[in-house]
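Data first, discussion second: the structure below is written as structure tokens.
Numbers restart at 1 for each chain; the letters A, B, ... are given by sequence-line order, proteins then strands. Worth saying up front: this structure is predicted, and the values here are computed from it rather than measured.
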Protein chains: 2
Amino acid sequence: MKLPTSTEWVLHCATSLAQLRPGETASAAQLATYYDLPAPYLAKQLQALTKAGVLAASTGPRGGFRLGRPAADITLLQIVEAVDGAAQPYECREIRQQGRGALAREDCQDTCILAAKMGAAHRAWRASLAAVSLADILDELPSGAPARTRRILMG
Amino acid sequence: MKLPTSTEWVLHCATSLAQLRPGETASAAQLATYYDLPAPYLAKQLQALTKAGVLAASTGPRGGFRLGRPAADITLLQIVEAVDGAAQPYECREIRQQGRGALAREDCQDTCILAAKMGAAHRAWRASLAAVSLADILDELPSGAPARTRRILMG
DNA sequence: GAATCATTACTCGGATAGGCTTTGTCCGAGTACAGCAGG
DNA sequence: CCTGCTGTACTCGGACAAAGCCTATCCGAGTAATGATTC
């Protein structure tokens, strides 16, 4: 069970974009330089965030990415699932209905207990991430961080 | 973020083994037939569980696998991490210290806030799985299940 | 001087290769049981 | 009849290929700013 490396990238990029002022944007190249990341691949991930509505993109000169919603309405879960997909890590393939020990169809109407427990754990994980918004992250940063980020990122 | 397909296999196999009587064992071939799984690959996974101490293996005729501990002392988390590894899904590579926007070493003494939040979610996931033991699973099964499992599996 | 238009340069978007983990398979070492021979 | 030994067949254990996904990269379509041109 491993999250893509790009998960860290987009979390930090989203945090940086949240520190911009309304109307300002940052291009994929600027973000890649800021964190020393491969620019084309990072752009691909930002595309996924845009498709999910977390970010909004503008083309042309002085274009780039910005948040698609207020920072308080963007949760870490939405960012993570935008790049990794929302599929459950544990996929129940109903092996209890296969092989010599296959159970009758009527005994499998309710979901497998093991799948239910794994699903509960996944829900706990999602709830933990859904409880944190980008605004919460910004509150934890030092007060001088936004100015520094804007200066280095866009300068 | 995906768990190996074999996770479902070993969870069901462990549940089946928990229904055996003390001293009884089931071979990898018997378990593979019971669930219609590729026997060699399943054996590989059961090896991992044995190495983790969750199962115990006996060689020779009438040998096979059995639980390595009482069912009440085996949690779903131990089974899952035996096959998938205990590595965290989110790996913080400290990209905040790289690139044009790199922070000073002294500003990074405490762990990255994003990594902390991701770690908290992972701890919630692990706690949810650690709270369920194989004995808890057996309690949820129908009362006639163990006899049926033993008959079909070992017969 | 102001408005219009063509140019330009910069942006995102999707389609295209390489590396690595996961999946699947095989054969060899070791062991407990069963049968047999001997006492 | 009991004991010891030998052979056998069955078990796990580790080493060996193939597939799928993540990583990385490229080039093309579109757009907003810019500068020149014209009224």
Side-chain angles (χ1 to χ4, degrees), chain A residues 1-10 13 17 23-33 35-66 68 80 82-85 87 89-91 93 95 153-154, chain B residues 1-10 13 17 23-33 35-66 68 80-87 89-91 93 95 153-154:
Chain A
M1 190 173 59
K2 193 168 72 69
L3 283 169
T5 305
S6 51
T7 306
E8 183 182 6
W9 306 354
V10 296
C13 286
L17 291 176
E24 289 180 338
T25 60
S27 70
Q30 286 173 325
L31 289 167
T33 302
Y35 290 114
D36 189 24
L37 302 175
Y41 186 39
L42 174 62
K44 186 183 181 65
Q45 309 307 325
L46 296 177
Q47 274 182 42
L49 288 183
T50 303
K51 195 171 295 180
V54 174
L55 299 185
S58 306
T59 71
R62 311 237 335 156
F65 294 95
R66 65 182 185 279
V80 170
V83 295
D84 187 56
Y90 180 85
E91 183 185 359
R93 300 191 182 178
I95 68 171
L153 178 59
M154 309 187 66
Chain B
M1 189 172 60
K2 193 170 72 69
L3 282 169
T5 307
S6 50
T7 306
E8 182 182 6
W9 305 355
V10 296
C13 286
L17 290 176
E24 289 180 339
T25 61
S27 69
Q30 286 173 325
L31 289 167
T33 301
Y35 290 114
D36 190 23
L37 302 175
Y41 187 38
L42 174 63
K44 185 184 181 66
Q45 309 306 326
L46 296 177
Q47 274 183 42
L49 288 183
T50 302
K51 196 171 295 182
V54 174
L55 299 184
S58 306
T59 71
R62 312 236 337 152
F65 293 95
R66 65 183 185 279
V80 171
E81 291 196 337
V83 295
D84 186 55
Y90 180 85
E91 182 185 359
R93 300 191 182 178
I95 67 171
L153 179 59
M154 311 187 66

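- Ala28(A) comes within 4.0 angstrom of sugar-phosphate atoms only, judged by non-hydrogen atoms across all strands, and of no base.
- Among all heavy-atom pairs drawn from Ala52(A) and Ala82(A), the shortest one is CB-CB, 3.8 Å.
- Between Met154(A) atom CE and dC10(C) atom P the separation is 16 Å, expressed in whole Å.
- The side-chain hydrogen bond (donor to acceptor under 3.5 Å, both in side chains) contacts involving residues 46-57 of chain B comprise nothing, where partners must be two or more places apart or lie in separate chains.
- Nearest heavy-atom pair across Thr25(A) and Gly63(A) is OG1-O, 3.2 Å.
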Exercise for review: Sugar-phosphate atoms are those with a prime plus P, OP1 and OP2; base atoms are the rest. Using that split, label each nucleotide of nucleotides 22-31 of chain C B, S or - for protein heavy atoms under 4.0 Å, 5' to 3'.
Suggested key: -BBBB---BB
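- A straight line from CZ of Arg93(B) to P of dC22(D) spans 14 Å, rounded to a whole angstrom.
- Minimum interatomic distance between Ile95(B) and Trp9(A) (heavy atoms only, all atoms of both residues): CD1-CA, 4.1 Å.
- Note that CZ of Arg93(A) is 10.5 Å distant from CG of Leu37(B), once rounded to the nearest 0.5 Å.
- Put simply, CG on Leu49(A) and CG on Leu17(A) are 9.0 Å apart, with the number rounded to the nearest 0.5 Å.
- Counting all heavy atoms, side chain and backbone alike, Glu8(A) lies closest to Glu91(B) at OE1-O, 3.5 Å.
- Of all the heavy atoms in Ala28(A) and Ala43(A), the pair that sits closest is CB-CB, 4.0 Å.
- Within residues 46-58 of chain A, no residue is approached by DNA chain D to less than 4.0 Å at the level of any non-hydrogen atom.
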